[in-house]
Amino acid sequence: MSYGFYSIYKKLRKHFGFQNWWPAKTKFEIVVGAILTQQTSWKNVEKAIENLRKSGLLNENKLRKASIKEIEKAIKNVNFYKTKAKRLKEIVKNLNRIRKEKEERRIKESLLKLDGIGYETAEALMLYYFGFLDFVIDAYTIRIFERIFERKFKRNELKKLIEEEIPKDLELYKDFHAQLVELGKRYCKKEPKCEECPLRKICKFGKNKTL
DNA sequence: ACCCAGGTGGCCC
DNA sequence: GGGCCACATGGG
């Protein structure tokens, strides 16, 4: 018995096209972006990253040495910017050490210990920065599949089900998450737009609206 | 004046 | 484990 996650991916991919995530000019931007985008639109994250670049703070050594105030100033347009400025500095301070870890498990554990890195951000870094097969579960992912399958999922339960079912391919993992975010943003918010959703034929939520 | 964005941590039970 | 709250900008 399977949920058909892979076939859902193929439908999304056909509809939206390849998403080419993570958008970043340098690898370090993935780390910065992962923190900044928490509860913040990507548009504002892009602006903040450009501000950091202009301020010369968009590299590890500079950011490590920068004052909290300097960082705050550059990222002031993102939500929770004070908290994030503090956390960014702390994370950058530990990045070197974490990169030296050999085992995937150790890397993830180290990430999760850092202030500001929870499950989703850790997964995003494992996948898009370190390149491990770690599927990213965000709020959209849970909502989308709960509506399609008309049942509740615990996040780690859903993660396991997806990882057991889809091919173990890095580009697939990356693009699947990106596709789910795209679907979520356009059609699967709390107030859904099922009429035009590319998955309307396999998702009964538009009719029942039980979740 | 709402509501929410590619969440996290702290505190309570 | 789950439920609620603070964090605290910008866009619809």
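Lettering follows sequence order; numbering is per chain, from 1. These numbers come from a predicted model, not from an experiment.
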* Any idea which heavy atoms bring A:Phe205 and A:Cys194 closest together, and the distance? -> CD2-SG, 4.0 Å
* Asked: Can you find a side chain N or O atom of A:Thr83 that sits less than 4.0 Å from OP1 or OP2 on C:dA8?
  -> yes
* Going through the distances and angles, do A:Lys93 and A:Glu90 end up as a salt bridge (charged side-chain N to carboxylate O under 4.0 Å, His left out)? -> CA-CA 5 Å; A:Lys93 204 160 76 182; A:Glu90 186 64 23; 3.4 Å; yes
Just how far, in rounded Å, is [atom2] of [N] from [atom1] of [X]?
| X | N | atom1 | atom2 | answer |
| --- | --- | --- | --- | --- |
| A:Ile35 | B:dA5 | CD1 | C1' | 16 Å |
| A:Leu36 | C:dC7 | CG | C1' | 15 Å |
| A:Lys189 | B:dC2 | NZ | P | 20 Å |
| A:Phe176 | B:dG6 | CZ | P | 18 Å |
| A:Lys82 | C:dA6 | NZ | P | 17 Å |
| A:Ile142 | B:dG6 | CD1 | P | 15 Å |
| A:Glu157 | C:dG1 | CD | P | 12 Å |
| A:Leu111 | B:dG7 | CG | C1' | 15 Å |

Scan the side chains in residues 125-133 of chain A for donor-acceptor partners under 3.5 Å anywhere in the protein, sequence neighbours excluded, and list what turns up.
residue: A:Tyr128; atom: OH; partner: A:Lys174; partner atom: O; Å: 2.7
residue: A:Tyr129; atom: OH; partner: A:Arg99; partner atom: NH1; Å: 2.6

Taking the [atom1] atom of each, how far is [N] from [M], in whole Å?
| N | M | atom1 | value |
| --- | --- | --- | --- |
| C:dG2 | B:dA5 | C1' | 24 Å |
| B:dG6 | C:dG3 | P | 24 Å |
| B:dT8 | C:dG10 | P | 22 Å |

* Structure fact -> Whether each nucleotide of nucleotides 8-13 of chain B has a protein heavy atom under 4.0 Å at its base (B), only at its sugar-phosphate (S) or at neither (-) is summarised, 5' to 3', as SS----
* Asked: So does A:Lys43 pair up with A:Glu46, basic N to acidic O under 4.0 Å?
  -> no
Detail all sub-3.5 Å separations between protein N/O atoms and N/O atoms belonging to nucleotides 9-12 of chain C.
residue: C:dT9; atom: O3'; partner: A:Lys76; partner atom: O; Å: 3.4
residue: C:dT9; atom: N3; partner: A:Asn79; partner atom: OD1; Å: 3.4
residue: C:dG11; atom: OP1; partner: A:Lys47; partner atom: NZ; Å: 3.2

* How would you label the contact of A:Lys43 with the nucleic acid (heavy atoms, under 4.0 Å): base, sugar-phosphate, or nothing? -> nothing
* To do: Indicate, with a heavy-atom threshold strictly under 4.0 Å, whether A:Lys84 touches base, sugar-phosphate, or nothing.
  => nothing
* Could you go through the salt bridge (charged side-chain N to carboxylate O under 4.0 Å, His left out) check for A:Glu101 and A:Lys113 one step at a time? => CA-CA 14 Å; A:Glu101 296 278 4; A:Lys113 277 181 196 159; over 6 Å; no
Give the table of side-chain donor-acceptor pairs shorter than 3.5 Å for residues 68-76 of chain A, with sequence neighbours excluded, one pair per line with atom names and distance.
residue: A:Glu70; atom: OE1; partner: A:Ser67; partner atom: N; Å: 3.0
residue: A:Lys76; atom: NZ; partner: A:Tyr81; partner atom: OH; Å: 3.3

* Asked: Is the ring of A:Trp42 stacked on the base of B:dA5, with centres less than 5.5 Å apart and planes under 30° off?
  -> no
* To do: Under 4.5 Å between side-chain heavy atoms, chaining through other members, with only Ile, Leu, Val, Met, Phe, Trp and Tyr counted: pull out the rest of the cluster around A:Tyr119, sorted by chain and number.
  => A:Leu112
* Asked: Which residue pairs pass the side-chain hydrogen bond (donor to acceptor under 3.5 Å, both in side chains) test with at least one member in residues 11-27 of chain A, sequence neighbours excluded?
  -> A:Thr26-A:Glu29
* Structure fact -> Regarding the side chain of A:Lys190, the nearest nucleotide among B:dC4, C:dG1, B:dG6 is B:dC4
* Determine, using ring centers only, whether A:Phe149 and A:Tyr3 are less than 6.0 Å apart. => yes
* To do: Kindly work out whether a path of hydrophobic side-chain contacts (I/L/V/M/F/W/Y, heavy atoms less than 4.5 Å apart) joins A:Leu170 to A:Phe176.
  => yes
